[in-house]
Amino acid sequence: MARGNSERIKNMSPEEFRKSGHEVVDWIAGYLENIRQYPVLSRNSPGDLTAALPQRAPEAGEPMDRILDDFRTLIVPALTHWNHPAFFGYFSTSASGPGILGEMLTAALNVNGMVWKSCPAVTELEQVTLAWLREWMGLPGDWFGVINDTASINVFHAIAAARERMEPTARSIGGSGKLTLYTSEEAHSSVEKGAIALGLGQQNVRKVPVDAEFRMRPDALRAMIVQDLAAGKQPFCIVATTGTTSTTSVDPVAAIADIAEQYGLWLHVDAAYGGPAAILPELRPLFDGIERADSLVVNPHKWLFTPSDCSLLYTKHPDMLCRAFSLVPEYLKTAQDTQAVNLMNYGVPLGRRFRALKLWFIMRHYGREGVCATLRNHIAWARELAAVVEADPAFEVCAPVPFSLVCFRYRGSDAQNQELMDAVNATGKAFLSHTVLHGRFVIRWALGNIATTHADVFDTWELVRKFAPRPALSSQ
Ligand code: PLP
């Protein structure tokens with residue numbers, strides 16, 4: 001009998017694993033401790049890393065020491081440091097300590113939660129953790145939650161569930177081409193992508209105009225629905241946003257829910273970024289009406305200190321997700337099918353990582369109080385920053401600040417604003433990104449990192465003033 005190749009690869013020995021593992025953990029601890037030493041944006045040019053790496057993978061295996069050396073000398077300089085406390089671009093995120101530890105264990109366990117039986121802990125911890133967060137956010141107690149990788153994938157699933165309810169034949173014979181979906185001009189591009197991926201037709205996505213504060217206008221929404229019905233179209237879904245990407249504006253969900261109910265449309269709420277703020281009692285009124293939604297997405301990997309990826313989809317109609325997606329091959333049938341949740345039935349992915357573990361670590365380690373305290377700091381500093389910017393005659397704040405994002409511009413040309421932002425970013429001390437509002441270049445300053453301090457914010461403000469094209473008049 002063949003005994004196999006005695007030269008086969010063996011896993012690392014426990015000794016080797018311990019040695020390199022301790023080295024990696026020490027590196028991570030030092031990285032988090034000294035992260036301000038790194039330039040937020042990589043100083044590499046396109047192709048630098050590629051040129052520094054061999055074109056072919058090694059024939060013979062290499063020791064971990066050498067690999068970790070290359071990690072430090074080649075990979076780290078090519079990083080944009082998303083975990084840097086002065087990373088203020090896009091939406092500022094963070095991998096907190098407990099989140100990183102949870103993620104490490106997830107990799108070590110390498111379990112797969114396709115069905116309950118394939119790993120009961122994946123299914124049950126996900127359900128428990130999502131019920132905890134549901135309660136923190138004041139969502140209805142009977143909503144079902146599932147974790148996927150991104151908000152983009154979750155909105156795709158929400159739209160599919162909405163279609164299933166309106167046009168159940170779509171699953172078997174394809175769509176009628178009549179369905180129309182409504183979202184605001186300021187909605188994230190993932191809404192449109194979801195509609196494209198489902199074959200609804202990009203032209204059937206209606207972009208509802210926004211008001212002066214970048215919020216969906218319910219009157220315009222209603223008018224578009226009425227017009228589409230008259231034209232023989234079939235409105236089926238509205239996607240509202242509580243925390244838009246450009247300005248974190250909050251659509252008037254209660255008024256939109258009235259319209260959704262009147263016309264029998266599915267209401268999905270994109271709370272990918274803003275959602276965690278619903279945990280704060282003083283901000284919960286901003287979210288009035290979300291309890292009337294059919295589905296909602298929130299991303300702990302944005303503003304809940306969770307390493308990427310972790311995006312939650314809640315819905316009051318899990319049956320619609322199942323009707324849209326459940327398809328069980330023989331090899332995945334189990335004796336517990338009637339008693340347990342099998343997560344594969346609620347969407348496209350079959351295999352799923354143990355993502356709930358890191359979120360559970362975070363919720364337990366910080367508790368509601370710790371989470372609220374950090375969110376409140378971000379919000380308070382954003383408001384303080386907006387006030388300081390507004391008080392400086394050389395600058396203007398360009399949108400309300402409901403959460404922790406400040407949109408502002410230097411009172412000059414678009415080119416001057418772009419140069420100002422580039423100059424700040426070139427220092428390596430901070431990173432700001434941009435958007436366009438009312439046709440003008442606007443700098444976005446997002447707070448959301450758990451390690452950000454008041455000094456990170458206001459030292460960066462001094463940088464902004466320093467690089468403003470003409471000496472900014474004193475704001476003091
Ligand atoms: N929705 C909003 C409001 C966003 O700002 C973003 C990304 O920034 C997304 C959805 C997409 O998130 P993801 O990267 O998880 O797909």
Side-chain angles (χ1 to χ4, degrees), residues 80 82 87-95 99 137 145-160 181 183-198 205 207-208 210 213-216 237-251 253 256 267-278 286-287 290 293 295-314 347-349 352-353 355 358-359 378 382 399-407 431-437 442 444-449:
T80 293
W82 281 72
F87 181 112
F88 297 125
Y90 313 131
F91 279 127
S92 168
T93 63
S94 44
M137 290 176 65
V146 59
I147 307 184
N148 283 307
D149 52 0
T150 57
S152 304
I153 289 301
N154 277 331
V155 72
F156 163 89
H157 284 95
I159 298 170
L181 179 146
T183 197
S184 94
E185 289 167 335
E186 291 290 321
H188 192 260
S189 49
S190 56
V191 179
E192 208 167 339
K193 276 198 190 180
I196 294 168
L198 284 159
V205 177
K207 302 280 184 62
V208 183
V210 294
E213 297 191 359
F214 308 101
R215 300 171 299 198
M216 189 193 288
C237 181
I238 306 169
V239 179
T241 311
T242 53
T244 58
T245 310
S246 268
T247 58
T248 68
S249 297
V250 179
D251 289 340
V253 179
I256 294 170
L267 174 59
H268 176 71
V269 173
D270 179 351
Y273 156 75
L286 274 179
F287 296 86
I290 58 171
S295 56
L296 175 144
V297 63
V298 55
N299 275 7
H301 73 219
K302 281 192 167 41
W303 200 14
L304 213 53
F305 326 124
T306 309
S308 198
D309 51 16
C310 187
S311 177
L312 318 186
L313 176 63
Y314 286 105
V348 175
R352 56 184 60 240
R353 308 172 59 235
R355 294 191 184 93
K358 55 189 170 185
L359 184 56
H378 293 158
V401 183
F403 301 118
S404 63
L405 173 82
V406 180
C407 290
F431 170 51
L432 303 169
S433 66
H434 79 281
T435 187
V436 170
L437 298 177
V442 167
R444 289 174 74 264
W445 188 324
L447 278 75
N449 184 296

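No experiment lies behind these values; they were computed from the predicted model shown. Every number for a ligand or one of its atoms is a count from 1 in the order of the listing.
- The side chain of Asp270, and not its backbone, has at least one atom closer than 4.0 Å to an atom of ligand 1 (non-hydrogen atoms only; side chain from C-beta on).
- With a 4.0 Å cut-off on non-hydrogen atoms, Asn299 touches ligand 1 through its side chain and not its backbone.
- In the model, Ser249 has a side-chain atom that pairs as donor or acceptor with a side-chain atom of Thr247 under 3.5 Å.
- Considering backbone and side-chain atoms alike, Thr241 places every N or O at 3.5 Å or more from each N or O of ligand 1.
- With no hydrogens or angles considered, no side-chain donor-acceptor pair links Asn148 and Ser311 at under 3.5 Å.
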Determine, step by step, whether Leu437 and Cys407 satisfy the side chain to side chain contact (heavy atoms under 4.5 Å, CB included) criterion, reporting the C-alpha distance in whole Å, the side-chain angles of both residues, the deciding distance to 0.1 Å, and the verdict. CA-CA 9 Å; Leu437 298 177; Cys407 290; 4.3 Å; yes
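- For Ala272, every heavy-atom contact with ligand 1 shorter than 4.0 Å involves the side chain, none the backbone.
- Looking at ligand 1, you'll find an N or O of Ala151 within less than 3.5 Å of one of its N or O atoms.
- Taking only nitrogen or oxygen atoms, main chain and side chain alike, Ser190 does not reach within less than 3.5 Å of ligand 1.
- Looking at Phe91 against ligand 1, only its side chain comes within 4.0 Å, counting heavy atoms.
- The one candidate from Asp149, Asp309, Thr306 that meets the side chain to side chain donor-acceptor pair (under 3.5 Å) condition with Arg355 is Asp309.
- Below 3.5 Å of separation, one finds no N or O of Asp149 facing any N or O of ligand 1.
- For the residue pair Tyr273/Ser404, the side-chain donor-acceptor check at 3.5 Å is satisfied.
- Residue Thr245 has at least one heavy-atom neighbour below 4.0 Å for each of these atoms of ligand 1: 2 (C), 3 (C), 4 (C), 5 (O).
- Scanning the protein heavy atoms around atom 11 (C) of ligand 1, the nearest turns out to be His188 CE1, 3.4 Å.
- Considering both main-chain and side-chain atoms, Ser152 comes within under 3.5 Å of ligand 1 through a nitrogen or oxygen pair.
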For the pair Lys358 and Cys310, evaluate side chain to side chain contact (heavy atoms under 4.5 Å, CB included) and give the outcome as yes or no after the intermediate values. CA-CA 9 Å; Lys358 55 189 170 185; Cys310 187; 4.1 Å; yes
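- At least one side-chain heavy atom of Met216 sits less than 4.5 Å from a side-chain heavy atom of Ile238.
- Counting atoms of ligand 1 from 1 in the listed order, those under 4.0 Å from a heavy atom of His301 are 15 (O).
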Which is it for Phe287 and Met137 under the side chain to side chain contact (heavy atoms under 4.5 Å, CB included) test, yes or no, and what are the steps along the way? CA-CA 10 Å; Phe287 296 86; Met137 290 176 65; over 6 Å; no
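- Of all atoms in ligand 1, listed by their number and element, those nearer than 4.0 Å to a heavy atom of Gly243 are 3 (C).
- The distance criterion of under 3.5 Å between nitrogen or oxygen atoms is met by Lys302 with respect to ligand 1.
- Contact between Trp303 and Leu447 at its shortest, heavy atoms only, is NE1-O, 4.0 Å.
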